[in-house]
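On a predicted model such as this, the values are computed, not experimentally measured, just so you know. Ligands are counted one by one from 1 in listed order, and the atoms in each one are counted from 1 as well. The residues of the chain are indexed from 1 along the displayed sequence.
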Amino acid sequence: MRLTIVGTGYVGLVTGTCLANTGNDVICLDIDQTKIDQLNQGKIPIYEPGLEEMIERNVRAGRLKFSTDRASAYAHGQIVFICVGTPSDDQGKADLSAVMAVGRDVGEAIDRLNDDDEPKVIVVKSTVPVGTNKKVRAEIAGKTGKSFHMASNPEFLKEGAAINDFNKPDRVVIGVADPSAGHRMRQLYEPFVRQGNPIMVMDIPSAEMVKYAANTMLATKISFINEIAALCESFGADVDEVRRGMCSDSRIGNKFLYPGLGYGGSCFPKDVLACIGMGDESGTETKLLKSVDQVNQQQRKRFIAKIDNHFGGELTGQKIAIWGLAFKPETDDMREAPSVTIIEHLLEHGAKVTAYDPVAEASAQAIFDGRIGYTPDPYSACEDAAALVVCTDWDEFKNPDLYGLKSRMNQPVVFDGRNLYKPNVMKSKGFTYYSVGRAPAIP
Ligand code: NAD
């Protein structure tokens, strides 16, 4: 099929590449000229394992192209996927301005079609509040009287494992109002669900809601275990032991129940807020989700308080090392990353920050603009440091050379926001060690 993918971010780029890889003829469109120039020079603007090689192969095969030319890109696709961002607006609601702008462009493109051209299917893949497909339909219909179909196809990929998630999805959710659009979408996704995982076709509002329900459920699990971790700290229990006991119950399971610095990234924070916004707009109380958000914000503050307490509130001039900047491993995405909240606090109180992250340095530079230093390896970041703060659970931090680390640091103090190490081991190696939901280890 001829496909147009609008937006070459984490979702659009992976979607376009994986759909080209199954033999479709794909044009990826973006309004960001720099991004498209980079892609046309073979440079990938994001870090996503395996993506570069896959893009290269599909570009070479002539199935994948990148463009800023709206007229020709929109004319190309029998199916048009809208994959633009839907960040929070200043009231926490989903900002739909990019989605609606695409709707207007699509309407104009459809109006230029010949009367006997087949109607296009316009698919909203961006995460959007229930009712958005209807609004996009109205936006398109405002520009043309010609016929077209709408579909909702929320995306469930995880950054860092995006290609695998797209190629082997747990499920594909498709919302349609008419069977012919459902049939075309099913055909497109058939190669991805051969492993027995289902394609679920449903009405559009339900498909839109599935994405928010899934993401807010995952955010709820994270806030839940973080609240349990706070109770563990207050009563001298060890959250790792509590997790072990609790998660062996098959009704509970062990996924997404790791205490830490709270959820971050470009999805959970904004999707929880968007759901609360949907509740406010419709007069539906969302007490649980409001608490999920509050617990998440509190989690970062609780961790920062441990750092402040250790230094007696005096951070001026202290050299602090940071391991991990990205909001999670295997990505360079720093949107809503806990590291940003922690580093901003440290800088505000006069600390000197040196950070190491295997891939997120460029993203960090865009945020901190020269206010922090970077090192090419984790140990150099700790040279003469008064403390190390672990913000991201990259694999390379999981088994460090503790002797080497201690010998480089000015004071052997570790604040571990991901519970990567065992308190008794850290204590025996002479570290003062703070983690989440476990008593501090002090030698
Ligand atoms: P992103 O910010 O990385 O990328 C969005 C892209 O859209 C940018 O390159 C931007 O330049 C482009 N764009 C904006 N307006 C445009 C227009 N009018 N025409 C063409 N291009 C335009 O966003 P993302 O992380 O890929 O997320 C996209 C959507 O998918 C969001 O709704 C998000 O919630 C959802 N989602 C994201 C993830 C994820 O892990 N990032 C996972 C599932 C769903």
With a 4.0 Å cut-off on heavy atoms, does Lys211 reach ligand 1? yes
What atoms in ligand 1 come closer than 4.0 Å to a heavy atom of Glu155? 43 (C), 44 (C)
Any N/O pair Val11/ligand 1 closer than 3.5 Å: yes
Using the six-membered ring wherever Trp is involved, compare the ring planes of Phe397 and Tyr356 and label them parallel, tilted or perpendicular (cut-offs 30° and 60°). perpendicular
So, is Lys35 polar-close to ligand 1, with some N/O to N/O distance under 3.5 Å? yes
Ligand 1-proximal atoms of Cys267, by part, heavy-atom distance under 4.0 Å: side chain
Tell me, do Ile304 and Phe415 make a side-chain contact under 4.5 Å, heavy atoms counted? no
Nearest protein heavy-atom contact for atom 42 (C) of ligand 1: which residue, which atom, what distance? Leu157 O, 3.5 Å
Honestly, for Ser126 the part within reach of ligand 1 (heavy atoms, under 4.0 Å) is both
For a 4.5 angstrom cut-off between non-hydrogen side-chain atoms, does Val6 reach Asp105? no
Between Glu139 and Lys135 (salt bridge meaning N to carboxylate O under 4.0 Å), is one present in this structure? no
Close-contact set for ligand 1 against Glu159 heavy atoms, below 4.0 Å: 39 (C), 40 (O), 41 (N)
Modelled atom types, side-chain donor and acceptor of Lys93 and Gln91, under 3.5 Å: no
Side chains of Asn296 and Phe268: closer than 4.5 Å at any heavy-atom pair? no
If you measure every N/O of Asp105 against every N/O of ligand 1, is any gap under 3.5 Å? no
Proximal atoms of ligand 1 relative to Ser266 (non-hydrogen, under 4.0 Å): 41 (N)
Indicate yes or no: does an N/O atom of Asp271 lie under 3.5 Å from an N/O atom of ligand 1? no
Applying salt bridge (Lys or Arg N to Asp or Glu O under 4.0 Å), can you list everything that pairs with Arg243, at least two apart in sequence or on another chain? none
Ser67 and Asp69: side-chain donor and acceptor closer than 3.5 Å? no
Is the shortest side-chain heavy-atom distance between Tyr212 and Thr127 below 4.5 Å? yes
Which part of Lys158 is near ligand 1, with near meaning a heavy atom under 4.0 Å away: side chain, backbone, both or neither? neither
Give the numbers and elements of all ligand 1 atoms closer than 4.0 Å to a heavy atom of Val6. 19 (N), 20 (C)
Does the N or O separation between Lys270 and ligand 1 drop below 3.5 Å for any pair? yes
Taking only heavy atoms of Gly7 into account, list the atoms of ligand 1 that are under 4.0 Å away from them. 6 (C), 7 (O), 12 (C), 21 (N)
Could you list the atoms of ligand 1 found under 4.0 angstrom from a heavy atom of Arg335? 1 (P), 2 (O), 3 (O), 23 (O), 25 (O)
The one among Val84, Thr86, Asp333 that brings a heavy atom closest to atom 13 (N) of ligand 1: Val84
How does Gln33 reach ligand 1, by side chain, by backbone, by both or by neither, if only non-hydrogen atoms under 4.0 Å count? neither
For atom 4 (O) of ligand 1, what's the nearest protein heavy-atom neighbour? Residue, atom name and distance, please. Gly9 CA, 3.2 Å
Does Asp30, backbone or side chain, put an N or O under 3.5 Å from an N or O of ligand 1? yes
Side-chain H-bond candidate by donor/acceptor type, Tyr433 with Asp416, under 3.5 Å: yes
Run down the list Ala94, Gly85, Cys28, Gly12 and name the one with the heavy atom closest to atom 5 (C) of ligand 1. Gly85
Side chains of Thr144 and Asp111: is there a donor and an acceptor less than 3.5 Å apart? yes
Determine whether Met185 and Ile79 make a side-chain contact, defined as any pair of heavy atoms from C-beta on separated by less than 4.5 Å. yes
Ring-plane angle category for Trp394 and Tyr47, please: parallel below 30°, perpendicular beyond 60°, tilted otherwise. tilted
